[in-house]
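Below: one structure, written as C-alpha coordinates.
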Protein chains: 2
Amino acid sequence: MNLTDSIKRTTLHEELVERLRDLVVEDVLKPGEKVPEKQLCDSLGVSRTPLREALKVLASEGFVILQANRGARVASVTREELENTFPVLAALEQLAGELACRNLEPAEIEWIETCHKAMLQAYRARDRQAYFKANQDIHQALIRGARNDILENHHKLLAARVRRARFMANLSEERWAQAIEEHETMMAMLRVENAEGLGQIMKLHMMNKLAALVKALETEEETAN
Amino acid sequence: MNLTDSIKRTTLHEELVERLRDLVVEDVLKPGEKVPEKQLCDSLGVSRTPLREALKVLASEGFVILQANRGARVASVTREELENTFPVLAALEQLAGELACRNLEPAEIEWIETCHKAMLQAYRARDRQAYFKANQDIHQALIRGARNDILENHHKLLAARVRRARFMANLSEERWAQAIEEHETMMAMLRVENAEGLGQIMKLHMMNKLAALVKALETEEETAN
DNA sequence: AAACGTAATTATGAATTCATTATTCAGTCA
DNA sequence: TGACTGAATAATGAATTCATAATTACGTTT
(Lines give C-alpha, C1' and ligand atoms only; values in the text may rest on other atoms or scores of the structure.)
Protein backbone atom coordinates (compact mmCIF):
# COMPACT_ATOMS: atom_id res chain seq x y z
CA MET A 1 0.00 0.00 0.00
CA ASN A 2 1.09 3.53 -0.78
CA LEU A 3 2.06 5.63 2.19
CA THR A 4 0.00 8.59 1.07
CA ASP A 5 -3.05 6.40 0.88
CA SER A 6 -3.05 5.77 4.59
CA ILE A 7 -3.63 9.45 5.32
CA LYS A 8 -7.19 10.00 4.37
CA ARG A 9 -7.61 13.62 3.38
CA THR A 10 -11.20 13.81 2.47
CA THR A 11 -13.11 17.04 2.50
CA LEU A 12 -16.82 17.24 3.04
CA HIS A 13 -17.52 18.62 -0.40
CA GLU A 14 -15.61 15.83 -2.13
CA GLU A 15 -17.59 13.29 -0.18
CA LEU A 16 -20.77 15.09 -1.14
CA VAL A 17 -19.92 15.12 -4.84
CA GLU A 18 -19.60 11.35 -4.78
CA ARG A 19 -22.70 10.81 -2.67
CA LEU A 20 -24.89 13.13 -4.68
CA ARG A 21 -23.62 11.81 -8.00
CA ASP A 22 -24.50 8.32 -6.85
CA LEU A 23 -27.95 9.48 -5.84
CA VAL A 24 -28.46 10.84 -9.35
CA VAL A 25 -26.93 7.91 -11.19
CA GLU A 26 -28.82 5.38 -9.10
CA ASP A 27 -32.02 7.24 -9.82
CA VAL A 28 -32.78 8.06 -6.18
CA LEU A 29 -32.99 11.69 -7.16
CA LYS A 30 -35.28 11.64 -10.17
CA PRO A 31 -34.68 13.65 -13.34
CA GLY A 32 -36.34 17.03 -13.32
CA GLU A 33 -36.71 16.89 -9.59
CA LYS A 34 -35.86 19.95 -7.56
CA VAL A 35 -32.98 19.57 -5.13
CA PRO A 36 -33.93 21.66 -2.10
CA GLU A 37 -30.73 22.57 -0.35
CA LYS A 38 -32.11 22.74 3.15
CA GLN A 39 -33.77 19.36 2.96
CA LEU A 40 -30.61 17.72 1.66
CA CYS A 41 -28.54 19.46 4.31
CA ASP A 42 -30.79 18.10 7.03
CA SER A 43 -30.81 14.55 5.71
CA LEU A 44 -27.05 14.53 5.09
CA GLY A 45 -26.14 16.41 8.23
CA VAL A 46 -24.02 19.11 6.63
CA SER A 47 -24.32 22.83 6.21
CA ARG A 48 -25.21 24.51 2.95
CA THR A 49 -21.70 25.66 2.09
CA PRO A 50 -20.11 22.28 1.21
CA LEU A 51 -23.36 21.11 -0.31
CA ARG A 52 -23.50 24.07 -2.65
CA GLU A 53 -19.87 23.58 -3.61
CA ALA A 54 -20.72 20.01 -4.52
CA LEU A 55 -23.72 21.11 -6.56
CA LYS A 56 -21.52 23.46 -8.58
CA VAL A 57 -19.22 20.59 -9.46
CA LEU A 58 -22.11 18.30 -10.35
CA ALA A 59 -23.50 21.04 -12.56
CA SER A 60 -20.22 21.29 -14.44
CA GLU A 61 -20.32 17.53 -14.88
CA GLY A 62 -23.85 17.77 -16.25
CA PHE A 63 -25.68 15.84 -13.56
CA VAL A 64 -27.67 18.78 -12.31
CA ILE A 65 -28.76 22.06 -13.83
CA LEU A 66 -28.41 25.29 -11.93
CA GLN A 67 -30.62 28.29 -12.54
CA ALA A 68 -29.72 31.53 -10.85
CA ASN A 69 -31.90 32.14 -7.81
CA ARG A 70 -33.98 29.11 -8.68
CA GLY A 71 -31.82 26.34 -7.37
CA ALA A 72 -30.76 23.01 -8.78
CA ARG A 73 -32.70 20.42 -10.73
CA VAL A 74 -31.59 16.92 -11.57
CA ALA A 75 -30.71 16.87 -15.25
CA SER A 76 -32.88 14.55 -17.27
CA VAL A 77 -31.27 12.21 -19.75
CA THR A 78 -33.16 13.00 -22.91
CA ARG A 79 -33.10 10.82 -25.95
CA GLU A 80 -31.18 13.52 -27.74
CA GLU A 81 -28.55 13.47 -25.06
CA LEU A 82 -28.23 9.72 -25.31
CA GLU A 83 -27.78 10.06 -29.05
CA ASN A 84 -25.08 12.64 -28.47
CA THR A 85 -23.31 10.88 -25.64
CA PHE A 86 -22.98 7.38 -27.08
CA PRO A 87 -21.01 8.37 -30.18
CA VAL A 88 -18.54 10.20 -27.96
CA LEU A 89 -18.35 7.22 -25.62
CA ALA A 90 -17.88 4.99 -28.66
CA ALA A 91 -14.98 7.11 -29.89
CA LEU A 92 -13.36 6.96 -26.46
CA GLU A 93 -13.84 3.20 -26.23
CA GLN A 94 -12.34 2.77 -29.67
CA LEU A 95 -9.25 4.67 -28.58
CA ALA A 96 -9.17 2.75 -25.30
CA GLY A 97 -9.31 -0.55 -27.16
CA GLU A 98 -6.42 0.39 -29.40
CA LEU A 99 -4.26 1.58 -26.53
CA ALA A 100 -5.20 -1.22 -24.15
CA CYS A 101 -4.31 -3.84 -26.74
CA ARG A 102 -0.79 -2.46 -26.82
CA ASN A 103 -0.37 -1.85 -23.11
CA LEU A 104 -2.14 -4.63 -21.25
CA GLU A 105 0.07 -7.06 -19.39
CA PRO A 106 -0.52 -10.83 -19.47
CA ALA A 107 -1.91 -10.86 -15.93
CA GLU A 108 -4.47 -8.22 -16.86
CA ILE A 109 -5.52 -10.07 -19.98
CA GLU A 110 -5.91 -13.15 -17.82
CA TRP A 111 -8.16 -11.20 -15.50
CA ILE A 112 -10.27 -10.05 -18.42
CA GLU A 113 -10.58 -13.64 -19.62
CA THR A 114 -11.82 -14.55 -16.14
CA CYS A 115 -14.41 -11.75 -16.21
CA HIS A 116 -15.44 -12.83 -19.69
CA LYS A 117 -16.09 -16.38 -18.53
CA ALA A 118 -18.07 -15.08 -15.56
CA MET A 119 -20.08 -12.94 -17.94
CA LEU A 120 -20.87 -15.91 -20.19
CA GLN A 121 -21.98 -17.91 -17.18
CA ALA A 122 -24.20 -15.07 -16.02
CA TYR A 123 -25.66 -14.89 -19.52
CA ARG A 124 -26.48 -18.60 -19.57
CA ALA A 125 -28.12 -18.23 -16.15
CA ARG A 126 -29.88 -15.06 -17.33
CA ASP A 127 -28.55 -13.34 -14.22
CA ARG A 128 -28.74 -9.68 -15.16
CA GLN A 129 -27.09 -8.47 -11.95
CA ALA A 130 -24.05 -10.70 -12.41
CA TYR A 131 -23.94 -9.93 -16.12
CA PHE A 132 -23.81 -6.19 -15.59
CA LYS A 133 -21.11 -6.60 -12.97
CA ALA A 134 -18.86 -8.78 -15.14
CA ASN A 135 -19.53 -6.58 -18.15
CA GLN A 136 -18.56 -3.47 -16.25
CA ASP A 137 -15.39 -5.13 -14.94
CA ILE A 138 -14.32 -5.97 -18.48
CA HIS A 139 -14.88 -2.49 -19.82
CA GLN A 140 -13.19 -0.92 -16.83
CA ALA A 141 -10.15 -3.17 -17.21
CA LEU A 142 -9.88 -2.22 -20.87
CA ILE A 143 -10.18 1.48 -20.13
CA ARG A 144 -7.61 1.17 -17.35
CA GLY A 145 -5.39 -0.76 -19.69
CA ALA A 146 -5.16 2.23 -22.00
CA ARG A 147 -2.90 3.87 -19.38
CA ASN A 148 -4.40 7.27 -20.03
CA ASP A 149 -5.86 9.19 -17.10
CA ILE A 150 -7.49 11.82 -19.26
CA LEU A 151 -9.26 9.19 -21.30
CA GLU A 152 -10.29 7.36 -18.15
CA ASN A 153 -11.73 10.45 -16.49
CA HIS A 154 -13.78 11.60 -19.43
CA HIS A 155 -15.02 8.10 -20.09
CA LYS A 156 -16.03 7.68 -16.48
CA LEU A 157 -18.06 10.87 -16.47
CA LEU A 158 -19.86 10.09 -19.71
CA ALA A 159 -20.53 6.51 -18.69
CA ALA A 160 -22.03 7.64 -15.39
CA ARG A 161 -24.15 10.15 -17.23
CA VAL A 162 -25.89 7.47 -19.30
CA ARG A 163 -25.83 4.70 -16.72
CA ARG A 164 -29.40 5.49 -15.80
CA ALA A 165 -30.36 4.46 -19.29
CA ARG A 166 -30.25 0.87 -18.12
CA PHE A 167 -33.11 1.68 -15.78
CA MET A 168 -35.00 3.10 -18.71
CA ALA A 169 -34.95 0.12 -21.00
CA ASN A 170 -34.34 -3.47 -20.15
CA LEU A 171 -32.07 -5.67 -22.21
CA SER A 172 -33.99 -7.60 -24.89
CA GLU A 173 -33.13 -11.24 -25.43
CA GLU A 174 -32.10 -10.45 -28.97
CA ARG A 175 -29.80 -7.58 -28.06
CA TRP A 176 -28.34 -9.60 -25.22
CA ALA A 177 -27.28 -12.37 -27.59
CA GLN A 178 -25.80 -9.80 -29.97
CA ALA A 179 -23.86 -8.18 -27.15
CA ILE A 180 -22.41 -11.56 -26.19
CA GLU A 181 -21.32 -12.08 -29.77
CA GLU A 182 -19.61 -8.71 -29.77
CA HIS A 183 -17.80 -9.55 -26.56
CA GLU A 184 -16.58 -12.79 -28.11
CA THR A 185 -15.14 -10.81 -30.98
CA MET A 186 -13.52 -8.41 -28.53
CA MET A 187 -11.80 -11.29 -26.76
CA ALA A 188 -10.67 -12.75 -30.07
CA MET A 189 -9.12 -9.42 -31.08
CA LEU A 190 -7.48 -9.07 -27.70
CA ARG A 191 -5.96 -12.56 -27.91
CA VAL A 192 -4.35 -11.93 -31.28
CA GLU A 193 -3.37 -8.40 -30.24
CA ASN A 194 -5.25 -6.75 -33.07
CA ALA A 195 -5.38 -3.22 -31.69
CA GLU A 196 -7.34 -1.58 -34.51
CA GLY A 197 -9.72 -4.51 -34.56
CA LEU A 198 -10.39 -4.29 -30.85
CA GLY A 199 -10.98 -0.57 -31.15
CA GLN A 200 -13.39 -1.08 -34.05
CA ILE A 201 -15.49 -3.72 -32.32
CA MET A 202 -15.63 -1.72 -29.08
CA LYS A 203 -16.87 1.29 -31.00
CA LEU A 204 -19.43 -0.84 -32.80
CA HIS A 205 -20.47 -2.46 -29.53
CA MET A 206 -21.27 0.92 -28.06
CA MET A 207 -23.15 2.14 -31.11
CA ASN A 208 -25.23 -1.03 -31.20
CA LYS A 209 -26.04 -0.48 -27.55
CA LEU A 210 -27.37 2.95 -28.45
CA ALA A 211 -29.41 1.56 -31.32
CA ALA A 212 -30.96 -1.05 -29.03
CA LEU A 213 -31.72 1.60 -26.44
CA VAL A 214 -33.37 3.93 -28.92
CA LYS A 215 -35.41 1.05 -30.29
CA ALA A 216 -36.52 0.07 -26.78
CA LEU A 217 -37.44 3.66 -26.00
CA GLU A 218 -39.48 3.94 -29.18
CA THR A 219 -41.55 0.86 -28.43
CA GLU A 220 -41.96 2.19 -24.91
CA GLU A 221 -43.24 5.48 -26.25
CA GLU A 222 -45.69 3.68 -28.50
CA THR A 223 -46.94 1.67 -25.55
CA ALA A 224 -47.40 4.84 -23.54
CA ASN A 225 -49.42 6.54 -26.25
CA MET B 1 -26.96 28.54 -30.39
CA ASN B 2 -27.49 27.04 -26.97
CA LEU B 3 -30.66 27.89 -25.10
CA THR B 4 -28.84 28.50 -21.85
CA ASP B 5 -27.00 31.37 -23.50
CA SER B 6 -30.13 33.46 -23.54
CA ILE B 7 -30.41 33.33 -19.77
CA LYS B 8 -28.29 36.11 -18.43
CA ARG B 9 -25.43 34.95 -16.29
CA THR B 10 -25.82 36.70 -13.01
CA THR B 11 -24.08 34.47 -10.52
CA LEU B 12 -20.65 35.46 -9.39
CA HIS B 13 -19.25 31.97 -9.32
CA GLU B 14 -20.00 31.35 -12.99
CA GLU B 15 -18.29 34.56 -13.90
CA LEU B 16 -15.38 33.57 -11.72
CA VAL B 17 -15.04 30.16 -13.33
CA GLU B 18 -14.62 31.83 -16.70
CA ARG B 19 -12.28 34.52 -15.43
CA LEU B 20 -10.06 32.15 -13.49
CA ARG B 21 -9.96 29.60 -16.29
CA ASP B 22 -8.84 32.33 -18.65
CA LEU B 23 -6.15 33.38 -16.19
CA VAL B 24 -4.87 29.81 -16.17
CA VAL B 25 -5.16 29.21 -19.91
CA GLU B 26 -3.55 32.55 -20.76
CA ASP B 27 -0.70 31.71 -18.43
CA VAL B 28 -1.27 34.65 -16.09
CA LEU B 29 -1.48 32.21 -13.22
CA LYS B 30 1.61 30.06 -13.69
CA PRO B 31 1.62 26.27 -13.33
CA GLY B 32 2.51 25.09 -9.86
CA GLU B 33 1.74 28.50 -8.46
CA LYS B 34 -0.28 28.74 -5.28
CA VAL B 35 -3.63 30.48 -5.56
CA PRO B 36 -4.08 32.37 -2.30
CA GLU B 37 -7.77 32.87 -1.81
CA LYS B 38 -7.58 36.11 0.10
CA GLN B 39 -5.32 37.78 -2.43
CA LEU B 40 -7.57 36.76 -5.32
CA CYS B 41 -10.64 37.92 -3.43
CA ASP B 42 -9.13 41.33 -2.93
CA SER B 43 -8.03 41.76 -6.52
CA LEU B 44 -11.33 40.49 -7.90
CA GLY B 45 -13.52 42.22 -5.36
CA VAL B 46 -15.52 39.22 -4.24
CA SER B 47 -15.81 37.23 -1.07
CA ARG B 48 -14.31 33.80 -0.57
CA THR B 49 -17.56 31.87 -0.97
CA PRO B 50 -18.10 32.29 -4.71
CA LEU B 51 -14.37 32.11 -5.34
CA ARG B 52 -14.10 28.79 -3.57
CA GLU B 53 -17.10 27.47 -5.48
CA ALA B 54 -15.33 28.43 -8.68
CA LEU B 55 -12.12 26.73 -7.58
CA LYS B 56 -14.01 23.51 -6.95
CA VAL B 57 -15.33 23.56 -10.50
CA LEU B 58 -11.92 24.35 -11.96
CA ALA B 59 -10.47 21.48 -9.98
CA SER B 60 -13.01 19.09 -11.45
CA GLU B 61 -12.04 20.40 -14.87
CA GLY B 62 -8.38 19.77 -14.11
CA PHE B 63 -7.13 23.35 -14.23
CA VAL B 64 -6.21 23.53 -10.57
CA ILE B 65 -5.38 20.94 -7.96
CA LEU B 66 -6.93 21.12 -4.52
CA GLN B 67 -5.26 19.69 -1.46
CA ALA B 68 -7.25 19.58 1.75
CA ASN B 69 -6.26 22.36 4.11
CA ARG B 70 -3.45 23.33 1.76
CA GLY B 71 -5.31 25.30 -0.85
CA ALA B 72 -5.25 25.32 -4.61
CA ARG B 73 -2.33 25.14 -7.01
CA VAL B 74 -2.43 25.75 -10.74
CA ALA B 75 -2.11 22.38 -12.45
CA SER B 76 0.98 22.06 -14.57
CA VAL B 77 0.71 20.63 -18.05
CA THR B 78 3.28 17.89 -17.99
CA ARG B 79 4.58 16.19 -21.07
CA GLU B 80 2.82 13.03 -19.96
CA GLU B 81 -0.44 14.91 -19.78
CA LEU B 82 0.07 16.31 -23.27
CA GLU B 83 0.72 12.79 -24.52
CA ASN B 84 -2.49 11.63 -22.86
CA THR B 85 -4.65 14.54 -23.87
CA PHE B 86 -3.85 14.78 -27.56
CA PRO B 87 -4.94 11.25 -28.48
CA VAL B 88 -8.28 11.89 -26.77
CA LEU B 89 -8.59 15.23 -28.57
CA ALA B 90 -7.68 13.48 -31.80
CA ALA B 91 -10.42 10.90 -31.29
CA LEU B 92 -12.94 13.66 -30.62
CA GLU B 93 -11.85 15.63 -33.68
CA GLN B 94 -12.11 12.53 -35.81
CA LEU B 95 -15.68 12.05 -34.65
CA ALA B 96 -16.39 15.74 -35.12
CA GLY B 97 -15.06 15.62 -38.67
CA GLU B 98 -17.27 12.70 -39.59
CA LEU B 99 -20.38 14.26 -38.09
CA ALA B 100 -19.69 17.76 -39.37
CA CYS B 101 -19.24 16.50 -42.91
CA ARG B 102 -22.77 15.13 -42.80
CA ASN B 103 -24.39 18.04 -40.97
CA LEU B 104 -22.75 21.23 -42.17
CA GLU B 105 -24.90 23.53 -44.24
CA PRO B 106 -23.61 25.25 -47.39
CA ALA B 107 -23.37 28.62 -45.66
CA GLU B 108 -21.22 27.12 -42.94
CA ILE B 109 -18.94 25.42 -45.43
CA GLU B 110 -18.65 28.75 -47.20
CA TRP B 111 -17.60 30.35 -43.92
CA ILE B 112 -14.98 27.67 -43.38
CA GLU B 113 -13.66 28.28 -46.90
CA THR B 114 -13.35 31.96 -46.01
CA CYS B 115 -11.45 31.16 -42.82
CA HIS B 116 -9.23 28.78 -44.76
CA LYS B 117 -8.31 31.50 -47.24
CA ALA B 118 -7.59 33.90 -44.39
CA MET B 119 -5.40 31.24 -42.81
CA LEU B 120 -3.42 30.76 -46.02
CA GLN B 121 -2.90 34.47 -46.32
CA ALA B 122 -1.71 34.67 -42.72
CA TYR B 123 0.68 31.80 -43.44
CA ARG B 124 2.15 33.56 -46.46
CA ALA B 125 2.58 36.70 -44.37
CA ARG B 126 3.99 34.59 -41.50
CA ASP B 127 1.49 36.31 -39.22
CA ARG B 128 1.23 33.89 -36.30
CA GLN B 129 -1.50 35.85 -34.54
CA ALA B 130 -3.81 35.86 -37.56
CA TYR B 131 -2.92 32.25 -38.35
CA PHE B 132 -3.93 31.03 -34.89
CA LYS B 133 -7.15 32.98 -35.08
CA ALA B 134 -8.21 31.61 -38.48
CA ASN B 135 -7.08 28.14 -37.49
CA GLN B 136 -9.15 28.23 -34.35
CA ASP B 137 -12.18 29.51 -36.25
CA ILE B 138 -11.96 26.58 -38.64
CA HIS B 139 -11.70 23.98 -35.94
CA GLN B 140 -14.48 25.57 -33.94
CA ALA B 141 -16.77 25.66 -36.95
CA LEU B 142 -16.11 21.97 -37.59
CA ILE B 143 -16.77 21.02 -33.96
CA ARG B 144 -19.93 23.11 -33.96
CA GLY B 145 -20.95 21.50 -37.20
CA ALA B 146 -21.03 18.11 -35.54
CA ARG B 147 -24.25 19.22 -33.80
CA ASN B 148 -23.32 17.45 -30.64
CA ASP B 149 -23.22 19.42 -27.38
CA ILE B 150 -21.53 16.66 -25.41
CA LEU B 151 -18.76 16.40 -27.95
CA GLU B 152 -18.41 20.15 -28.06
CA ASN B 153 -18.17 20.52 -24.29
CA HIS B 154 -15.58 17.83 -23.77
CA HIS B 155 -13.55 19.06 -26.71
CA LYS B 156 -13.62 22.58 -25.40
CA LEU B 157 -12.35 21.54 -21.99
CA LEU B 158 -9.53 19.41 -23.35
CA ALA B 159 -8.52 22.03 -25.90
CA ALA B 160 -8.36 24.69 -23.19
CA ARG B 161 -6.30 22.38 -21.05
CA VAL B 162 -3.53 22.11 -23.66
CA ARG B 163 -3.84 25.58 -25.13
CA ARG B 164 -0.94 26.73 -23.02
CA ALA B 165 1.22 24.34 -24.95
CA ARG B 166 1.44 26.93 -27.68
CA PHE B 167 3.23 29.17 -25.22
CA MET B 168 5.64 26.34 -24.53
CA ALA B 169 6.83 25.66 -28.02
CA ASN B 170 6.73 27.87 -31.06
CA LEU B 171 5.68 26.57 -34.45
CA SER B 172 8.65 25.46 -36.55
CA GLU B 173 8.72 26.43 -40.21
CA GLU B 174 8.70 22.77 -41.17
CA ARG B 175 5.71 21.87 -39.01
CA TRP B 176 3.86 24.96 -40.16
CA ALA B 177 4.14 23.92 -43.81
CA GLN B 178 2.98 20.42 -42.88
CA ALA B 179 -0.02 21.80 -40.98
CA ILE B 180 -1.00 23.87 -44.01
CA GLU B 181 -0.83 20.74 -46.16
CA GLU B 182 -3.10 18.91 -43.71
CA HIS B 183 -5.58 21.77 -43.78
CA GLU B 184 -5.63 21.63 -47.57
CA THR B 185 -6.50 17.95 -47.36
CA MET B 186 -9.21 18.72 -44.82
CA MET B 187 -10.79 21.22 -47.17
CA ALA B 188 -10.59 18.75 -50.03
CA MET B 189 -12.37 16.10 -48.00
CA LEU B 190 -14.97 18.59 -46.89
CA ARG B 191 -15.66 19.67 -50.48
CA VAL B 192 -16.29 16.14 -51.70
CA GLU B 193 -18.18 15.28 -48.51
CA ASN B 194 -15.90 12.43 -47.58
CA ALA B 195 -16.87 12.09 -43.91
CA GLU B 196 -14.49 9.28 -42.95
CA GLY B 197 -11.69 10.99 -44.83
CA LEU B 198 -12.22 14.26 -43.03
CA GLY B 199 -12.30 12.44 -39.70
CA GLN B 200 -9.07 10.61 -40.52
CA ILE B 201 -7.14 13.69 -41.54
CA MET B 202 -8.36 15.66 -38.53
CA LYS B 203 -7.20 12.89 -36.23
CA LEU B 204 -3.85 12.76 -38.01
CA HIS B 205 -3.56 16.54 -37.88
CA MET B 206 -3.92 16.46 -34.11
CA MET B 207 -1.46 13.62 -33.63
CA ASN B 208 1.11 15.36 -35.81
CA LYS B 209 0.65 18.45 -33.71
CA LEU B 210 1.50 16.39 -30.64
CA ALA B 211 4.56 14.90 -32.34
CA ALA B 212 5.80 18.37 -33.27
CA LEU B 213 5.21 19.60 -29.74
CA VAL B 214 7.06 16.71 -28.15
CA LYS B 215 9.94 17.19 -30.56
CA ALA B 216 10.09 20.89 -29.76
CA LEU B 217 10.01 20.15 -26.03
CA GLU B 218 12.83 17.65 -26.38
CA THR B 219 15.15 20.07 -28.16
CA GLU B 220 14.19 22.65 -25.56
CA GLU B 221 15.16 20.25 -22.79
CA GLU B 222 18.47 19.57 -24.47
CA THR B 223 19.14 23.29 -24.74
CA ALA B 224 18.33 23.71 -21.07
CA ASN B 225 20.79 20.97 -20.03
C1' DA C 1 -65.85 32.05 -8.97
C1' DA C 2 -61.79 33.49 -11.60
C1' DA C 3 -58.06 36.65 -12.20
C1' DC C 4 -55.14 39.94 -10.71
C1' DG C 5 -52.14 42.27 -7.36
C1' DT C 6 -49.83 42.62 -3.12
C1' DA C 7 -47.98 40.90 1.28
C1' DA C 8 -45.82 36.98 3.68
C1' DT C 9 -42.95 33.20 3.34
C1' DT C 10 -39.35 30.59 1.56
C1' DA C 11 -35.13 29.67 -0.94
C1' DT C 12 -31.07 31.17 -2.82
C1' DG C 13 -26.50 34.05 -3.55
C1' DA C 14 -23.05 35.98 -1.16
C1' DA C 15 -20.56 37.81 3.01
C1' DT C 16 -19.05 36.98 7.38
C1' DT C 17 -17.72 34.37 11.30
C1' DC C 18 -15.86 30.45 13.67
C1' DA C 19 -12.89 26.31 14.15
C1' DT C 20 -9.21 23.65 12.64
C1' DT C 21 -5.17 22.70 10.17
C1' DA C 22 -0.57 24.37 8.08
C1' DT C 23 3.12 27.21 8.20
C1' DT C 24 6.43 30.28 10.08
C1' DC C 25 9.66 31.64 13.28
C1' DA C 26 11.79 32.24 17.60
C1' DG C 27 13.98 29.81 21.23
C1' DT C 28 16.28 25.79 23.27
C1' DC C 29 19.41 22.09 23.57
C1' DA C 30 22.80 18.86 21.83
C1' DT D 1 26.15 25.64 14.38
C1' DG D 2 22.26 22.85 13.44
C1' DA D 3 18.29 20.33 14.48
C1' DC D 4 14.21 20.04 17.24
C1' DT D 5 10.19 22.07 19.99
C1' DG D 6 6.43 24.83 20.45
C1' DA D 7 4.09 29.15 20.31
C1' DA D 8 2.39 32.68 17.03
C1' DT D 9 0.55 33.55 12.65
C1' DA D 10 -1.76 32.62 8.48
C1' DA D 11 -4.75 29.99 5.56
C1' DT D 12 -8.32 26.89 4.83
C1' DG D 13 -12.95 24.13 5.70
C1' DA D 14 -17.31 24.68 7.24
C1' DA D 15 -21.22 27.05 9.70
C1' DT D 16 -23.79 30.97 10.19
C1' DT D 17 -25.71 35.29 8.97
C1' DC D 18 -27.50 38.69 5.88
C1' DA D 19 -29.66 40.49 1.57
C1' DT D 20 -32.33 39.64 -2.28
C1' DA D 21 -34.94 37.14 -5.57
C1' DA D 22 -38.68 33.76 -6.19
C1' DT D 23 -42.70 31.50 -4.67
C1' DT D 24 -46.80 31.09 -2.19
C1' DA D 25 -50.91 32.74 0.16
C1' DC D 26 -54.32 35.77 0.68
C1' DG D 27 -57.50 39.39 -0.26
C1' DT D 28 -59.59 42.38 -3.56
C1' DT D 29 -62.00 43.25 -7.74
C1' DT D 30 -64.83 42.18 -11.48
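To find a chain, count down the sequence lines: A is the first, B the second, and so on, and within it residues start at 1.
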Whole Å only: how far is the [atom1] atom of [X] from the [atom2] atom of [N]?
| X | N | atom1 | atom2 | result |
| --- | --- | --- | --- | --- |
| B:Gln67 | C:dT21 | CD | C1' | 13 Å |
| A:Asn69 | D:dC18 | CG | P | 20 Å |
| A:Lys38 | D:dT17 | NZ | C1' | 14 Å |
| B:Glu53 | C:dA15 | CD | C1' | 12 Å |
| A:Arg73 | C:dT12 | CZ | C1' | 14 Å |
| B:Leu12 | C:dT12 | CG | P | 18 Å |
| A:Leu51 | D:dT16 | CG | P | 14 Å |
| A:Leu44 | D:dA14 | CG | P | 14 Å |

Self-check item: OP1 or OP2 of C:dA14 under 4.0 Å from side-chain N/O of B:Thr49
Solution: no

Exercise. Determine: side-chain N/O of B:Arg70 to OP1/OP2 of C:dT23, distance under 4.0 Å, yes or no.
Key: yes

Quiz item: Among B:Leu198, B:Leu142, B:Ile109, which residue meets the side-chain contact (heavy atoms from CB on, under 4.5 Å) test with B:Cys101?
Solution: B:Leu198

Side chain of [X] - closest among [options]:
| X | options | value |
| --- | --- | --- |
| A:Pro50 | C:dT21, D:dA14, C:dA15 | D:dA14 |
| A:Thr11 | D:dT12, D:dA14, D:dA21 | D:dA14 |
| A:Arg48 | C:dA15, D:dT17, D:dA15 | D:dT17 |
| B:Ser47 | C:dA22, C:dT16, D:dA14 | C:dT16 |

Self-check item: Modelled atom types, side-chain donor and acceptor of B:Thr78 and B:Glu81, under 3.5 Å
Solution: no

Quiz item: Are the side chain of B:Asn103 and the backbone N or O of B:Leu99 linked by a donor-acceptor pair below 3.5 Å?
Solution: yes

Quiz prompt | A:Ser43 (side chain) donor-acceptor with A:Leu40 (main chain) under 3.5 angstrom | solution = yes

Quiz item: Looking at A:Gln140, A:His116, A:His183, which hits side-chain hydrogen bond (donor to acceptor under 3.5 Å, both in side chains) with A:Asn135?
Solution: A:His183

